[in-house]
Amino acid sequence: GFLLAEKCPTLPTTEFADVTAEMYALGTKLYYECDKGYARRSGQYSGIQCQSKQQVASWIYKEFECIDEKILLSTAPTMELDFTQKPERKTQSPAPQKRENLSEFDQKDFCGPPKTIPHASLSLNKQYYVGQVLHLKCQSGYDKRLPTSGTRRCKKVNGKIIWTSLDMRCTNDS
(Lines give C-alpha, C1' and ligand atoms only; values in the text may rest on other atoms or scores of the structure.)
Protein backbone atom coordinates (compact mmCIF):
# COMPACT_ATOMS: atom_id res chain seq x y z
CA GLY A 1 0.00 0.00 0.00
CA PHE A 2 0.97 3.61 -0.27
CA LEU A 3 1.95 5.77 2.56
CA LEU A 4 -0.91 8.16 2.52
CA ALA A 5 0.50 11.27 1.09
CA GLU A 6 -1.19 14.40 2.29
CA LYS A 7 -3.04 16.16 -0.46
CA CYS A 8 -2.42 19.77 -1.35
CA PRO A 9 -5.20 22.31 -1.66
CA THR A 10 -6.33 23.19 -5.18
CA LEU A 11 -3.59 24.99 -7.00
CA PRO A 12 -4.45 28.68 -7.36
CA THR A 13 -4.64 29.39 -11.07
CA THR A 14 -2.08 31.65 -12.60
CA GLU A 15 -3.38 33.45 -15.65
CA PHE A 16 -1.56 32.83 -18.92
CA ALA A 17 0.91 30.41 -17.37
CA ASP A 18 1.67 26.80 -18.14
CA VAL A 19 2.25 24.49 -15.21
CA THR A 20 4.70 21.63 -15.34
CA ALA A 21 5.73 19.50 -12.44
CA GLU A 22 9.33 18.59 -11.88
CA MET A 23 8.75 16.03 -9.19
CA TYR A 24 5.82 13.74 -8.52
CA ALA A 25 5.16 12.13 -5.17
CA LEU A 26 4.77 8.37 -4.81
CA GLY A 27 1.24 7.33 -5.61
CA THR A 28 0.72 10.08 -8.18
CA LYS A 29 -1.35 8.93 -11.14
CA LEU A 30 -1.14 10.71 -14.46
CA TYR A 31 -2.97 10.08 -17.69
CA TYR A 32 -1.91 10.54 -21.27
CA GLU A 33 -4.32 12.13 -23.70
CA CYS A 34 -3.93 11.65 -27.43
CA ASP A 35 -3.57 14.77 -29.51
CA LYS A 36 -6.34 15.83 -31.87
CA GLY A 37 -6.58 13.49 -34.82
CA TYR A 38 -5.02 10.62 -32.86
CA ALA A 39 -6.69 7.91 -30.86
CA ARG A 40 -5.58 5.46 -28.24
CA ARG A 41 -5.10 1.93 -29.49
CA SER A 42 -8.08 0.04 -28.13
CA GLY A 43 -7.59 -1.99 -25.01
CA GLN A 44 -4.70 0.11 -23.82
CA TYR A 45 -4.58 1.99 -20.56
CA SER A 46 -3.46 5.60 -20.60
CA GLY A 47 -2.58 5.89 -16.93
CA ILE A 48 0.82 5.73 -15.31
CA GLN A 49 1.68 5.68 -11.64
CA CYS A 50 4.67 6.69 -9.57
CA GLN A 51 5.64 3.72 -7.42
CA SER A 52 8.58 2.61 -5.40
CA LYS A 53 10.66 -0.15 -7.02
CA GLN A 54 13.77 -1.36 -5.20
CA GLN A 55 13.65 1.73 -2.99
CA VAL A 56 13.63 4.06 -5.99
CA ALA A 57 10.59 5.99 -7.12
CA SER A 58 9.84 5.24 -10.74
CA TRP A 59 6.95 5.45 -13.16
CA ILE A 60 5.07 2.27 -13.92
CA TYR A 61 4.06 2.38 -17.58
CA LYS A 62 1.58 0.23 -19.42
CA GLU A 63 1.75 -0.34 -23.15
CA PHE A 64 0.22 2.79 -24.65
CA GLU A 65 0.29 4.52 -28.00
CA CYS A 66 -1.68 7.10 -29.93
CA ILE A 67 -2.40 6.21 -33.54
CA ASP A 68 -3.51 8.41 -36.40
CA GLU A 69 -7.30 8.06 -36.56
CA LYS A 70 -7.21 7.61 -40.32
CA ILE A 71 -4.94 4.58 -39.94
CA LEU A 72 -7.00 3.33 -37.05
CA LEU A 73 -10.19 3.31 -39.09
CA SER A 74 -8.60 1.53 -42.00
CA THR A 75 -7.07 -1.26 -39.93
CA ALA A 76 -10.03 -2.12 -37.75
CA PRO A 77 -10.96 -4.80 -36.85
CA THR A 78 -7.66 -6.63 -36.89
CA MET A 79 -7.19 -7.89 -33.36
CA GLU A 80 -3.94 -9.74 -33.19
CA LEU A 81 -3.38 -8.64 -29.63
CA ASP A 82 -1.70 -11.34 -27.65
CA PHE A 83 -2.91 -11.18 -24.08
CA THR A 84 -0.74 -13.98 -22.77
CA GLN A 85 1.53 -12.63 -20.10
CA LYS A 86 5.08 -12.45 -21.32
CA PRO A 87 7.81 -12.14 -18.73
CA GLU A 88 8.81 -8.53 -18.46
CA ARG A 89 11.97 -7.78 -20.35
CA LYS A 90 14.42 -5.84 -18.29
CA THR A 91 15.19 -2.95 -20.56
CA GLN A 92 18.23 -0.79 -20.14
CA SER A 93 17.08 2.10 -18.04
CA PRO A 94 17.59 5.52 -19.59
CA ALA A 95 20.41 7.68 -18.33
CA PRO A 96 19.46 9.29 -15.03
CA GLN A 97 18.04 12.75 -15.43
CA LYS A 98 20.34 15.55 -14.44
CA ARG A 99 19.20 16.53 -10.99
CA GLU A 100 20.36 19.99 -10.19
CA ASN A 101 19.55 21.50 -6.85
CA LEU A 102 16.96 18.86 -6.11
CA SER A 103 19.10 17.43 -3.38
CA GLU A 104 16.46 18.12 -0.78
CA PHE A 105 14.33 15.60 -2.59
CA ASP A 106 14.77 12.00 -1.95
CA GLN A 107 14.69 9.95 -5.08
CA LYS A 108 12.98 7.31 -2.99
CA ASP A 109 9.84 9.37 -2.70
CA PHE A 110 9.57 11.34 -5.92
CA CYS A 111 9.47 10.48 -9.60
CA GLY A 112 10.91 12.82 -12.19
CA PRO A 113 9.08 13.91 -15.33
CA PRO A 114 7.41 11.00 -17.16
CA LYS A 115 8.55 9.96 -20.60
CA THR A 116 6.98 11.62 -23.60
CA ILE A 117 4.81 9.57 -25.90
CA PRO A 118 4.44 10.56 -29.55
CA HIS A 119 1.17 12.38 -30.33
CA ALA A 120 0.16 12.40 -26.69
CA SER A 121 0.28 14.91 -23.91
CA LEU A 122 -0.09 14.39 -20.20
CA SER A 123 -3.33 15.61 -18.81
CA LEU A 124 -2.38 17.26 -15.58
CA ASN A 125 -4.31 15.55 -12.93
CA LYS A 126 -5.06 18.26 -10.48
CA GLN A 127 -4.12 16.29 -7.40
CA TYR A 128 -0.83 17.14 -5.78
CA TYR A 129 0.81 16.01 -2.57
CA VAL A 130 2.93 17.64 0.07
CA GLY A 131 6.43 18.07 -1.29
CA GLN A 132 5.20 18.66 -4.82
CA VAL A 133 7.09 21.29 -6.74
CA LEU A 134 5.46 22.89 -9.73
CA HIS A 135 7.18 24.99 -12.32
CA LEU A 136 5.16 27.80 -13.87
CA LYS A 137 6.16 29.57 -17.01
CA CYS A 138 4.37 32.37 -18.82
CA GLN A 139 2.88 31.38 -22.15
CA SER A 140 4.58 33.09 -25.05
CA GLY A 141 3.12 36.48 -25.73
CA TYR A 142 2.38 37.03 -22.04
CA ASP A 143 5.93 37.24 -20.81
CA LYS A 144 6.31 40.98 -20.72
CA ARG A 145 7.34 41.32 -17.12
CA LEU A 146 10.13 39.59 -15.22
CA PRO A 147 10.32 37.11 -13.70
CA THR A 148 8.51 35.02 -16.32
CA SER A 149 8.85 31.73 -14.57
CA GLY A 150 8.79 30.51 -11.03
CA THR A 151 8.09 27.57 -8.80
CA ARG A 152 5.46 26.86 -6.23
CA ARG A 153 5.92 24.27 -3.59
CA CYS A 154 3.25 22.52 -1.60
CA LYS A 155 4.29 22.32 2.03
CA LYS A 156 3.03 21.96 5.53
CA VAL A 157 3.31 24.97 7.79
CA ASN A 158 2.05 24.71 11.37
CA GLY A 159 -0.20 21.84 10.44
CA LYS A 160 -1.69 23.66 7.47
CA ILE A 161 -0.93 22.61 3.92
CA ILE A 162 -0.26 25.56 1.65
CA TRP A 163 1.25 26.48 -1.70
CA THR A 164 4.18 28.84 -1.48
CA SER A 165 3.45 32.13 -3.15
CA LEU A 166 4.57 32.95 -6.62
CA ASP A 167 6.42 36.10 -7.48
CA MET A 168 5.66 36.15 -11.18
CA ARG A 169 2.81 37.65 -13.15
CA CYS A 170 2.10 36.89 -16.78
CA THR A 171 0.65 39.86 -18.57
CA ASN A 172 0.45 41.03 -22.12
CA ASP A 173 0.36 44.75 -21.45
CA SER A 174 3.11 46.38 -23.39
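Between D143 atom CG and S149 atom OG the span is 10.0 Å, to the nearest 0.5 Å. A distance of 11.0 Å separates CG of D68 from CG of D35, quoted to the nearest 0.5 Å. Here the straight-line distance linking atom OH of Y31 with atom OG of S46 works out to 7.0 Å at 0.5 Å rounding. With rounding to the nearest 0.5 Å, the separation of NZ in K29 from CD in Q51 is 9.0 Å. In this structure, K53 NZ and S58 OG are separated by 5.0 Å, a value rounded to the nearest 0.5 Å. Taken to the nearest 0.5 Å, the CZ atom of R40 stands 9.0 Å off from the SG atom of C66.
Taking Ile, Leu, Val, Met, Phe, Trp and Tyr as hydrophobic and joining them when side-chain heavy atoms fall under 4.5 Å apart, one finds V157 in a cluster with I162. Under a 4.5 Å side-chain heavy-atom criterion applied to ILVMFWY residues, the cluster that includes F16 comprises Y142 as well.
Residues W59 and T28 form a side-chain contact, since some pair of their non-hydrogen atoms from C-beta on lies under 4.5 Å apart. Under the 4.5 Å side-chain criterion, counting only non-hydrogen atoms from C-beta, D18 is not in contact with H135. For the pair P147/D167, a side-chain contact is recorded, criterion being any heavy-atom separation below 4.5 Å from C-beta on. Side-chain atoms of C154 and I161, non-hydrogen and from C-beta on, do get closer than 4.5 Å to each other.
Partners of E65 by side chain to side chain contact (heavy atoms under 4.5 Å, CB included), not counting sequence neighbours, listed by chain and number: R41, Q44, I67.
Note on ring orientation: taking the six-membered ring where Trp is involved, the planes of F64 and Y32 are parallel (angle under 30°, cut-offs 30° and 60°). Note on ring orientation: taking the six-membered ring where Trp is involved, the planes of W163 and Y128 are perpendicular (angle over 60°, cut-offs 30° and 60°).
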Pair L134-L11, side chain to side chain contact (heavy atoms under 4.5 Å, CB included): steps then yes or no:
CA-CA 10 Å; L134 294 178; L11 181 70; 3.6 Å; yes
Stepwise side chain to side chain contact (heavy atoms under 4.5 Å, CB included) test for E6 and Y129
CA-CA 5 Å; E6 294 176 283; Y129 299 93; over 6 Å; no
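Under a 3.5 Å cut-off, the side chain of R152 and the backbone N or O of T164 do form a donor-acceptor pair.
Remark: of the listed residues R169, M168, K144, E15, M168 is the sole one forming a side-chain contact (heavy atoms from CB on, under 4.5 Å) with C138.
For the residue pair P114 and L122, the shortest heavy atom distance occurs at CG-CD1, 3.4 Å. Between L166 and T151 the shortest heavy-atom distance is CD1-O, 3.7 Å.
Hydrophobic clustering (ILVMFWY, side-chain heavy atoms < 4.5 Å, transitive): L30 and I117 are in one cluster. Side-chain heavy atoms closer than 4.5 Å link hydrophobic residues (I, L, V, M, F, W, Y) into clusters, and following such links, even through other members, never connects Y45 to I60.
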